[in-house]
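The first residue in the sequence is number 1, and the count goes up from there. Side-chain atoms are counted along with the backbone in the values below, which use heavy atoms only and exclude waters and symmetry mates. Because the structure is a prediction, the values reported are computed rather than measured.
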Amino acid sequence: MTTSHFLGDTAVLTGRSLRHISRSLDTIITTAITPIGMMLLFVYVLGGAINTGSDSYVTYLLPGILIITIASGIAYTAYRLFLDMTSGIFDRFHSMPIARSSVLWAHVLTSVVANLVSIVVVILVALLMGFRSGAGVLSWLAVAGILILFTLALTWMAVIPGLTAKTVDGASAFSYPLIFLPFISSAFVPTETMPGPVRWFAENQPVTSIVNAIRDLFAGQPVGADLWIALAWCVGILAVAYLFAMATYRRKLA
């Protein structure tokens, strides 16, 4: 199978998935409106009681909200993949002369595009709420790179339950722990305020390093070890998830 054939097949199938998303109002509500609602709640209801040492709480919490946006969005990857598996459309695709891996890559790229749109919407709302950034073009590109890499990592994780789940609820339920993970991190409060065991977990899980790196980039400050730790987490999760997802896919086709 030639590379051009694979790319062409992936582009066609990605367009199909994106059209389905554009017609699904509940997808838009879940991936964009829900994180925005959480941001409004934290800033205008709870923000006054939280001391982060930052002039603007919306600026402090935005990186965590972006992580939650991605975690919410990738649940739909597993959901859409599950529907394709159970509807028989996968069998129909595989009976055609197309690159088999293009079916999975179409879902993955759709997830990246959909999540980027949701992230842009959330950032625009944050700007209206007072978010300001001293980041230059390179810093914004670095933020985008981290978020895309994180989206790819979580999306390939979502592929596994999408292929193996027995029910629709089971396909998307795996994302719930991912949505709550930012709450036990530096996303909403400094980890210094947490009790010992909770603080240790918060400081050594991937969300904290990713959030801290994005926060420093938004502020236009030098980025320390958090950036490299964040990249290591993202690349590690992506590599493991991709290998497991492709192995699961091959077993399904066997």
Side-chain angles (χ1 to χ4, degrees), residues 3 6 10 13-14 17 31 63-64 66-82 84-85 90 99-116 118-119 142-167 169-187 200-214 223 225-254:
T3 301
F6 165 76
T10 302
L13 294 175
T14 301
S17 295
T31 57
L66 297 179
I67 297 299
I68 291 176
T69 303
I70 294 171
S72 300
I74 53 98
Y76 274 89
T77 300
Y79 170 76
R80 289 189 297 269
L81 195 52
F82 174 82
D84 279 356
M85 289 290 294
F90 260 45
R100 291 191 170 187
S101 59
S102 65
V103 179
L104 284 188
W105 273 104
H107 282 280
V108 171
L109 293 179
T110 298
S111 173
V112 172
V113 173
N115 276 289
L116 285 177
S118 297
I119 286 169
V143 169
I146 293 172
L147 293 175
I148 290 172
L149 192 59
F150 186 64
T151 302
L152 282 170
L154 292 194
T155 300
W156 279 108
M157 284 181 61
V159 167
I160 300 171
L163 292 172
T164 59
K166 304 300 182 183
T167 64
D169 291 337
S172 56
F174 89 100
S175 67
Y176 299 154
L178 300 177
I179 293 173
F180 286 106
L181 200 57
F183 292 95
I184 315 176
S185 74
S186 63
W200 180 89
F201 175 80
E203 291 180 346
N204 292 279
Q205 58 118 321
V207 170
T208 291
S209 57
I210 295 170
V211 163
N212 288 346
I214 293 175
V223 181
D226 280 319
L227 176 61
W228 304 111
I229 296 173
L231 291 176
W233 272 112
C234 290
V235 171
I237 294 171
L238 173 58
V240 173
Y242 175 79
L243 291 175
F244 272 96
M246 293 305 295
T248 303
Y249 187 50
R250 284 192 291 268
R251 285 198 299 270
K252 284 288 183 180
L253 296 180

Less than 4.5 Å apart, any side-chain heavy atom of [X] and any of [Y]?
{"X": "Met157", "Y": "Ile74", "result": "no"}
{"X": "Met246", "Y": "Leu104", "result": "yes"}
{"X": "Ile179", "Y": "Ser72", "result": "yes"}

About how many Å separate [atom2] of [Y] and [atom1] of [X], when rounded to the nearest 0.5 Å?
{"X": "Cys234", "Y": "Ile229", "atom1": "SG", "atom2": "CD1", "answer": "12.0 Å"}
{"X": "Phe150", "Y": "Ile214", "atom1": "CZ", "atom2": "CD1", "answer": "8.5 Å"}
{"X": "Thr77", "Y": "His107", "atom1": "OG1", "atom2": "NE2", "answer": "8.5 Å"}
{"X": "Leu81", "Y": "Tyr76", "atom1": "CG", "atom2": "OH", "answer": "15.5 Å"}
{"X": "Ile119", "Y": "Ile67", "atom1": "CD1", "atom2": "CD1", "answer": "8.0 Å"}
{"X": "Leu238", "Y": "Thr151", "atom1": "CG", "atom2": "OG1", "answer": "11.0 Å"}

_Criterion side-chain contact (heavy atoms from CB on, under 4.5 Å) on Leu227 and Ile146, from CA distance to verdict_ = CA-CA 9 Å; Leu227 176 61; Ile146 293 172; 3.6 Å; yes
Determine the minimum heavy-atom distance between [X] and [Y], stating which atoms define it.
{"X": "Ile148", "Y": "Val112", "value": "CG2-CG1, 4.4 Å"}
{"X": "Ala78", "Y": "Ala158", "value": "CB-O, 3.4 Å"}
{"X": "Ile68", "Y": "Pro182", "value": "CG1-CG, 3.7 Å"}
{"X": "Ala245", "Y": "Leu163", "value": "O-CD1, 3.9 Å"}

*Is there a donor-acceptor pair closer than 3.5 Å between any side-chain N or O of Gln205 and the backbone N or O of Leu181?*
yes
*Would a distance-only check, ignoring hydrogens and angles, find a side-chain to backbone donor-acceptor pair under 3.5 Å from Ser118 to Ala114?*
yes
_Taking the six-membered ring for Trp, are Trp156 and Trp105 closer than 6.0 Å centroid to centroid?_
yes
*Would one find more than 12 heavy atoms of other residues, nucleotides or ligands at under 6.0 Å from atom CZ of Phe180?*
no
*Residues Asn212 and Ser186: side-chain donor-acceptor under 3.5 angstrom*: yes
*Exercise: do Ser111 and Asn115 side chains pair donor with acceptor under 3.5 Å*: yes
_Test side-chain contact (heavy atoms from CB on, under 4.5 Å) on Val159 and Phe244; report intermediate values, then the result._
CA-CA 9 Å; Val159 167; Phe244 272 96; over 6 Å; no
